[in-house]
Number of protein chains: 2
Amino acid sequence: MLKNSEFVNKLRNSGLRPTKQRLKICEVLFNRDKTFHFTINDLAKNISENFNEKISLATIYNTVHAFKDKGYLKEITISSDKSYFDTNITKHHHFYDEDTNLLIDCNDNEIGKVNIKNNITGKKISSVEVLVRVASDTQNQN
Amino acid sequence: MLKNSEFVNKLRNSGLRPTKQRLKICEVLFNRDKTFHFTINDLAKNISENFNEKISLATIYNTVHAFKDKGYLKEITISSDKSYFDTNITKHHHFYDEDTNLLIDCNDNEIGKVNIKNNITGKKISSVEVLVRVASDTQNQN
DNA sequence: AATTTATATTATAATCGTTCTAAACTGTTG
DNA sequence: CAACAGTTTAGAACGATTATAATATAAATT
Ligand SMILES: [Mn+2]
Ligand SMILES: [Mn+2]
Ligand SMILES: [Zn+2]
Ligand SMILES: [Zn+2]
């Protein structure tokens, strides 16, 4: 629930010029109560359908990647044929519903802390992500 | 460390004809002491470089997917730009070295059991996978 | 305010992993 | 062997993503 001038600052502070396109994308992504998951295509469709702005697909890719690099978005990899982005940038895990292709955030009370006992020597852990794939009972088990 | 006749049976029992190409791929994938991770491209290169067989890329894709469907391979999704396959079909987790792009199996003693407290109503868990991304200390933290 | 410079946007082409196609080939069965 | 279903193949098609390079805009400088 940030307003336009806050997005301008956010962008400026990140070394990104507050262009019309970036501000629109900020509005669509961050001017909400709840975080959500989206694909580039979702976002492009959302903007072209719900606003009369027309942002080039290349700009949407550039902006989403810039926001990811600045830490304003996380990329979630579920399958190799599509990339999901997440406006929830806190550490958290996911359920992935194989029937509906929907990604659902896990609350901390749903998945206990993952205990990593040994790590690769000389390496630092940069992230720990759990993906729980779920499907209806009648589905075939992996 | 299976031999050719065992692969013939394995394929026949799965309803797959034991063709020259499939047997070669079996040999490359399963005639080993240790399990490993590979991409389609790795496999294609391996076959074309180390054997004088020439298997069409379409056949390699077809066969790998057939083996996956039969449960002889697992697909591991790390990034959206490439698919990794795993000849280790037991439940296990992975370290992913972001410096080398290498995927490393976790032993059960390296990652404790993941405790899923609540599940999505009416859905069955089909898999639980932990991916621990690691990088050298000097790398930027996710 | 006008000029200059750096940065961003755009349409479109290119790339690349993967899947499709449809013709030729092979394994299996009778 | 003949017949058939299943398999392989080269190459085309596809689709998500990235590169290109011309145009436009924001910011900095005069
Ligand atoms: Mn990406
Ligand atoms: Mn696949
Ligand atoms: Zn999330
Ligand atoms: Zn593995």
Side-chain angles (χ1 to χ4, degrees), chain A residues 4-5 7-28 37-48 51-70 72-73 75-85 101, chain B residues 4-5 7-28 37-48 51-70 72-73 75-85 101:
Chain A
N4 199 276
S5 67
F7 293 135
V8 172
N9 289 333
K10 185 174 181 167
L11 290 170
R12 282 234 178 78
N13 294 338
S14 327
L16 298 171
R17 288 182 179 174
T19 63
K20 196 162 56 105
Q21 292 86 348
R22 283 172 178 163
L23 287 168
K24 173 57 66 183
I25 293 173
C26 277
E27 188 195 325
V28 172
H37 305 107
F38 66 94
T39 65
I40 293 281
N41 220 47
D42 293 340
L43 179 56
K45 195 174 289 180
N46 187 341
I47 290 169
S48 74
F51 302 89
N52 43 1
E53 307 269 341
K54 188 181 299 171
I55 303 181
S56 142
L57 194 54
T59 298
I60 295 179
Y61 272 99
N62 289 340
T63 302
V64 166
H65 284 124
F67 286 3
K68 184 197 165 189
D69 292 345
K70 296 298 177 185
Y72 304 144
L73 291 173
E75 191 167 3
I76 314 285
T77 304
I78 279 109
S79 75
S80 48
D81 58 320
K82 212 183 280 178
S83 235
Y84 287 76
F85 292 88
N101 289 345
Chain B
N4 198 276
S5 66
F7 292 134
V8 172
N9 288 334
K10 185 174 181 166
L11 290 170
R12 281 232 180 79
N13 294 338
S14 326
L16 298 171
R17 288 182 179 174
T19 63
K20 193 160 59 99
Q21 292 85 347
R22 283 172 178 163
L23 287 168
K24 171 58 65 183
I25 292 173
C26 278
E27 189 194 324
V28 172
H37 306 107
F38 65 94
T39 64
I40 294 281
N41 220 48
D42 294 338
L43 180 56
K45 196 174 287 182
N46 187 342
I47 291 168
S48 73
F51 302 90
N52 42 2
E53 307 268 342
K54 187 181 299 171
I55 303 181
S56 142
L57 194 55
T59 298
I60 295 180
Y61 272 99
N62 289 341
T63 302
V64 166
H65 283 126
F67 287 3
K68 183 196 167 190
D69 292 344
K70 296 299 177 183
Y72 303 145
L73 291 173
E75 192 167 4
I76 314 286
T77 304
I78 280 107
S79 73
S80 49
D81 58 323
K82 212 185 278 178
S83 235
Y84 286 77
F85 292 88
N101 289 345

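Because the structure is a prediction, the values reported are computed rather than measured. The chains referred to below are lettered A, B, ... by the order of the sequence lines, with proteins before strands, and numbering in each begins at 1.
The closest side-chain donor-acceptor pair between A:Thr59 and A:Asn62, if any, does not fall under 3.5 angstrom. Side-chain contact annotation: B:Ser79 with B:Asp81, donor-acceptor N/O pair under 3.5 Å present.
The NZ atom of A:Lys82 sits 15 Å away from the C1' atom of C:dT18 (whole-angstrom rounding). Protein atom CD of B:Glu53 is 13 Å distant from nucleotide atom P of C:dT26, rounded to whole Å. At whole-Å resolution of the value, CG in A:Leu11 and P in D:dA26 are 13 Å apart. The CD1-C1' distance, from A:Ile25 to C:dT10, rounds to 13 Å in whole Å. Put simply, OH on B:Tyr61 is 13 Å from P on C:dC16, counting in whole angstrom units. Between A:Leu23 atom CG and D:dT25 atom P there is a gap of 15 Å when expressed in whole angstrom units. Regarding A:Leu43, its CG atom lies at a distance of 15 Å from the C1' atom of D:dT17, rounded to whole Å.
When the side-chain nitrogen and oxygen atoms of B:His65 are compared with OP1 and OP2 of C:dT18, none of them lie within a distance under 4.0 Å. At C:dT28, one or more side-chain N or O atoms of B:Arg12 fall inside 4.0 Å of OP1 or OP2 (strictly under the cut-off).
Looking at A:Leu11 and A:Phe67, their side chains come closer than 4.5 Å, going by heavy atoms from C-beta outward. The shortest distance between side-chain heavy atoms of B:Phe38 and B:Val64 falls below 4.5 Å.
A distance-only check finds no donor-acceptor pair linking the side chain of B:Thr63 to the backbone of B:Ile60 [under 3.5 Å]. Using a distance-only test at 3.5 Å, with no hydrogens or angles considered, a donor-acceptor pair links the side chain of B:Asn13 to the main chain of B:Asn9. B:Asp69 places no side-chain N or O within donor-acceptor distance of the main-chain N or O of B:Ala66, the cut-off being under 3.5 Å.
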Please tabulate, for the side chains in residues 15-25 of chain B, all donor-acceptor contacts under 3.5 angstrom to protein atoms that are two or more places apart in sequence or on a different chain.
| from | atom 1 | to | atom 2 | distance (Å) |
| --- | --- | --- | --- | --- |
| B:Thr19 | OG1 | B:Arg22 | N | 3.2 |
| B:Arg22 | NH1 | B:Arg17 | O | 3.1 |
| B:Lys24 | NZ | B:Glu27 | OE1 | 3.4 |

Just the atom pairs and distances: protein N or O near nucleotides 28-30 of chain D's N or O, under 3.5 Å.
none

Can you build the contact string for nucleotides 5-12 of chain D? Use B for base contact, S for sugar-phosphate-only contact, and - for no protein heavy atom under 4.0 Å.
BBSSBB--
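Screening A:Asn41, A:Asp42, A:Ile40, A:Thr39 for a side chain to side chain contact (heavy atoms under 4.5 Å, CB included) involving A:Lys82 leaves a single residue, A:Thr39.
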